[in-house]
Every structure is written in structure tokens, then in C-alpha cells.
**Student:** 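Attaching a single structure in C-alpha cells format; questions to follow.
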Amino acid sequence: MYTQKIMLALFLFIVLLTGCGLETKTLTEFYKNDLEDVTKIQVQDGGTGYSKITTDKKVIDEFLSEIKDVQFIPEENQEDRAGFLYSITLYEDEQMTFIFTENEVTDYYYYTEPGIYPIVDSFYKNLKVEEE
């Protein structure tokens with residue numbers, strides 16, 4: 001009888017864990033607001049610590065159009081990691097609304113399909129603003 005209760009509890013625990021699994025999502029699905037409302041983007045280079053910021057709506061819309069449908073696929077290994085290549089922060093007016101890196105969103109790790117790194121790297125390198 002005791003063994004059956006333990007087995008049942010273990011089974012329910014496994015079912016609950018399976019039900020809480022991460023899903024593949026796009027930036028559009030992660031972002032709670034409308035991406036059309038983003039008025040500023042800050043991209044920080046994790047290697048140098050420098051950032052570039054743009055408020056040019058045309059540049060913002062082009063960049064978001066390139067990354068909005070990228071699939072963020074959960075990594076199997078969710079152990080903590082250190083560092084990032086790029087961090088992207090979205091703003092509406094002066095209010096920060098969302099921050100993510102090329103492999104981390106809302107404290108979970110992902111890989112992307114297609115790879116988001118080349119898109120962000122090109123955006124950062126070609127953005128004609130001073131590094132801060």
C-alpha cells in the first residue's frame with residue numbers, strides 16, 4: 001500500500017514536470033506588446049560591454065522584421081551559464097519593455113532557427129551610431 005502511494009506520487013510528479021515544459025516560440029510570441037510600438041533598441045556587445053542605441057523607426061522596424069519570426073527552441077540543458085554575445089533591449093518611449101540575448105529569454109536558454117547571432121551581429125556592426 002505504501003509503495004503504491006509512492007509510485008502514484010512519483011507518477012504525478014513526472015506528469016507535472018512534463019506539463020511545465022518550455023515551448024518553441026518566436027519573438028512575437030514572447031513580446032507581450034505589439035512590436036510596432038517599439039521606439040528604441042539598445043544592443044550591447046557582451047565582449048566589449050559597449051552598446052549602440054537607435055531610435056530611428058525605419059531601422060528599428062527593419063531589424064524587428066528580420067528577427068520577429070526566428071524560432072527560439074528550448075535547450076535541453078538549462079544549467080546556468082555566464083556571458084553573452086549580444087543583449088537586445090526593446091523600449092517603448094523611454095520604458096524598457098523587453099530584454100533578451102541571442103541564447104536566453106526570460107531566464108531560459110534557447111538556440112535559434114535560423115540563427116539569430118548573424119542577424120544581430122550585422123545589425124550592431126552596421127548601425128551608424130557611436131558606441132556608448
Side-chain angles (χ1 to χ4, degrees):
M1 179 78 171
Y2 183 72
T3 307
Q4 288 176 335
K5 286 182 180 180
I6 291 175
M7 294 299 286
L8 179 61
L10 184 58
F11 174 76
L12 290 174
F13 179 72
I14 290 170
V15 168
L16 285 174
L17 281 180
T18 305
C20 296
L22 296 172
E23 299 176 13
T24 297
K25 291 184 178 181
T26 63
L27 178 60
T28 306
E29 292 169 319
F30 277 116
Y31 196 67
K32 302 294 183 212
N33 302 339
D34 187 344
L35 287 172
E36 293 289 323
D37 295 334
V38 173
T39 57
K40 179 167 93 172
I41 294 178
Q42 175 182 355
V43 180
Q44 182 180 20
D45 181 329
T48 66
Y50 290 121
S51 292
K52 288 186 178 182
I53 297 171
T54 185
T55 56
D56 183 324
K57 188 65 173 149
K58 182 180 178 199
V59 171
I60 290 168
D61 290 346
E62 287 174 3
F63 176 65
L64 292 176
S65 172
E66 283 189 71
I67 67 169
K68 69 181 176 119
D69 294 321
V70 169
Q71 297 284 313
F72 286 81
I73 304 159
E75 290 276 359
E76 201 170 299
N77 179 356
Q78 289 293 322
E79 292 179 26
D80 281 341
R81 300 166 198 176
F84 58 88
L85 298 173
Y86 289 105
S87 172
I88 301 99
T89 307
L90 307 181
Y91 294 83
E92 291 181 19
D93 297 318
E94 288 301 312
Q95 182 176 353
M96 181 184 72
T97 55
F98 195 67
I99 186 168
F100 64 102
T101 71
E102 78 289 342
N103 67 347
E104 183 180 356
V105 182
T106 62
D107 296 324
Y108 293 101
Y109 296 102
Y110 297 85
Y111 66 95
T112 56
E113 194 60 47
I116 197 170
Y117 171 77
I119 300 168
V120 178
D121 186 53
S122 175
F123 177 75
Y124 185 84
K125 289 177 177 173
N126 293 313
L127 195 56
K128 304 294 183 214
V129 297
E130 291 292 316
E131 290 181 317
E132 298 180 11

**Student:** According to a hydrophobic-cluster definition based on side-chain heavy atoms being under 4.5 Å apart (Ile, Leu, Val, Met, Phe, Trp, Tyr only), do F123 and F84 belong together?
**Tutor:** no

**Student:** Okay, side chain of E102, backbone of V120: is any donor-acceptor separation there less than 3.5 Å?
**Tutor:**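 Checked: no pair found.
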
**Student:** Are E36 and D34 close enough that some pair of their side-chain heavy atoms sits under 4.5 Å apart?
**Tutor:**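 Yes, at least one pair of side-chain atoms sits under 4.5 Å.
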
**Student:** Rounded at 0.5 Å granularity, tell me how far CG in D37 sits from CD1 in I60.
**Tutor:**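 One gets 11.5 Å once the value is rounded to the nearest 0.5 Å.
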
**Student:** How far does OH of Y109 sit from OG1 of T101, to the nearest 0.5 angstrom?
**Tutor:** 8.0 Å

**Student:** Could you tell me which non-hydrogen atom of M96 sits nearest to which non-hydrogen atom of T89, and how far apart they are?
**Tutor:**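 Between these two residues, the closest heavy atoms are CG-CG2, 3.3 Å.
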
**Student:** Do Y91 and I41 sit in one hydrophobic cluster, given that two such residues count as connected whenever their side-chain heavy atoms are within less than 4.5 Å of each other, even indirectly?
**Tutor:**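 No: no chain of side-chain contacts under 4.5 Å links Y91 to I41.
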
**Student:** Taking C-beta and beyond as the side chain, do K25 and V105 meet within less than 4.5 Å on heavy atoms?
**Tutor:**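 Result no, sub-4.5 Å side-chain heavy-atom pair not found.
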
**Student:** I need the I99 CD1 to E104 CD distance, nearest 0.5 Å.
**Tutor:**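 Taking CD1 in I99 and CD in E104, the distance rounds to 9.5 Å.
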
**Student:** Please answer whether the main-chain N or O of D69 pairs with a side-chain N or O of T26 as donor and acceptor at a distance below 3.5 Å.
**Tutor:** no

**Student:** Would you check if there is a donor-acceptor pair between the side chains of Q42 and S51 at a distance under 3.5 Å?
**Tutor:** yes

**Student:** Mind checking whether V70 and V59 sit in one hydrophobic cluster, side chains of I, L, V, M, F, W, Y counted as touching below 4.5 Å?
**Tutor:**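 Result: yes, single cluster for both.
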
**Student:** Rounded to the nearest 0.5 Å, how far apart are OH of Y110 and CG of N103?
**Tutor:** 11.5 Å

**Student:** Is there a side-chain contact between L127 and T54 (heavy atoms, below 4.5 Å)?
**Tutor:**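 The answer is yes, as the side chains (C-beta and beyond) meet within the 4.5 Å cut-off.
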
**Student:** Above 12 or not: heavy atoms from other molecules or residues under 6.0 Å from NZ of K57?
**Tutor:** yes

**Student:** Pairing donors with acceptors under 3.5 angstrom, does anything connect the side chains of Y31 and T97?
**Tutor:** yes

**Student:** Under a 4.5 Å side-chain heavy-atom rule over Ile, Leu, Val, Met, Phe, Trp and Tyr, are I119 and I73 clustered together?
**Tutor:**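 No: no chain of side-chain contacts under 4.5 Å links I119 to I73.
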
**Student:** Output yes when a side-chain donor or acceptor of D121 lies under 3.5 Å from a complementary backbone atom of Y117, and no otherwise.
**Tutor:**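 Side chain of D121 to backbone of Y117, a donor-acceptor pair under 3.5 Å: no, none is there.
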
**Student:** Heavy-atom count check: over 12 atoms from other residues, nucleotides or ligands less than 6.0 Å from N77 CG?
**Tutor:** yes

**Student:** Roughly how far apart are I88 CD1 and F63 CZ, rounded to 0.5 Å?
**Tutor:** 5.5 Å

**Student:** Specify the closest pair of heavy atoms between T106 and F30, including all atoms of both residues, with the distance to one decimal.
**Tutor:** OG1-CE2, 4.3 Å

**Student:** Using the rule that two of Ile, Leu, Val, Met, Phe, Trp, Tyr join whenever any of their side-chain heavy atoms come within less than 4.5 Å, decide whether Y50 and Y86 are in one cluster.
**Tutor:**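 Linked within one cluster.
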
**Student:** Looking only at heavy atoms, which two atoms of I53 and E132 are closest? And how far apart?
**Tutor:** CD1-OE1, 3.6 Å

**Student:** Any chance the side chains of Y111 and E76 put a donor and an acceptor closer than 3.5 Å?
**Tutor:** no

**Student:** Report, as yes or no, whether the 6.0 Å neighbourhood of atom OH on Y108 holds more than 12 heavy atoms from other residues, nucleotides or ligands.
**Tutor:** no

**Student:** Applying ring-ring contact (aromatic ring centres under 6.0 Å, His included), can you list everything that pairs with F100, at least two apart in sequence or on another chain?
**Tutor:**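 ring-ring contact (aromatic ring centres under 6.0 Å, His included) list for F100, sorted by chain: F98.
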
**Student:** With side-chain contact (heavy atoms from CB on, under 4.5 Å) as the test, would you mind laying out the steps for L90 and N33 before giving the verdict?
**Tutor:** CA-CA 11 Å; L90 307 181; N33 302 339; over 6 Å; no

**Student:** Are the side chain of K52 and the backbone of V43 linked by a donor-acceptor contact shorter than 3.5 Å?
**Tutor:**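 Side chain of K52 to backbone of V43: no pair is present.
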
**Student:** Determine, step by step, whether L35 and T28 satisfy the side-chain contact (heavy atoms from CB on, under 4.5 Å) criterion, reporting the C-alpha distance in whole Å, the side-chain angles of both residues, the deciding distance to 0.1 Å, and the verdict.
**Tutor:** CA-CA 7 Å; L35 287 172; T28 306; 3.8 Å; yes

**Student:** Using 0.5 Å steps for rounding, measure from the CD atom of Q71 to the CD atom of E23.
**Tutor:** 11.5 Å

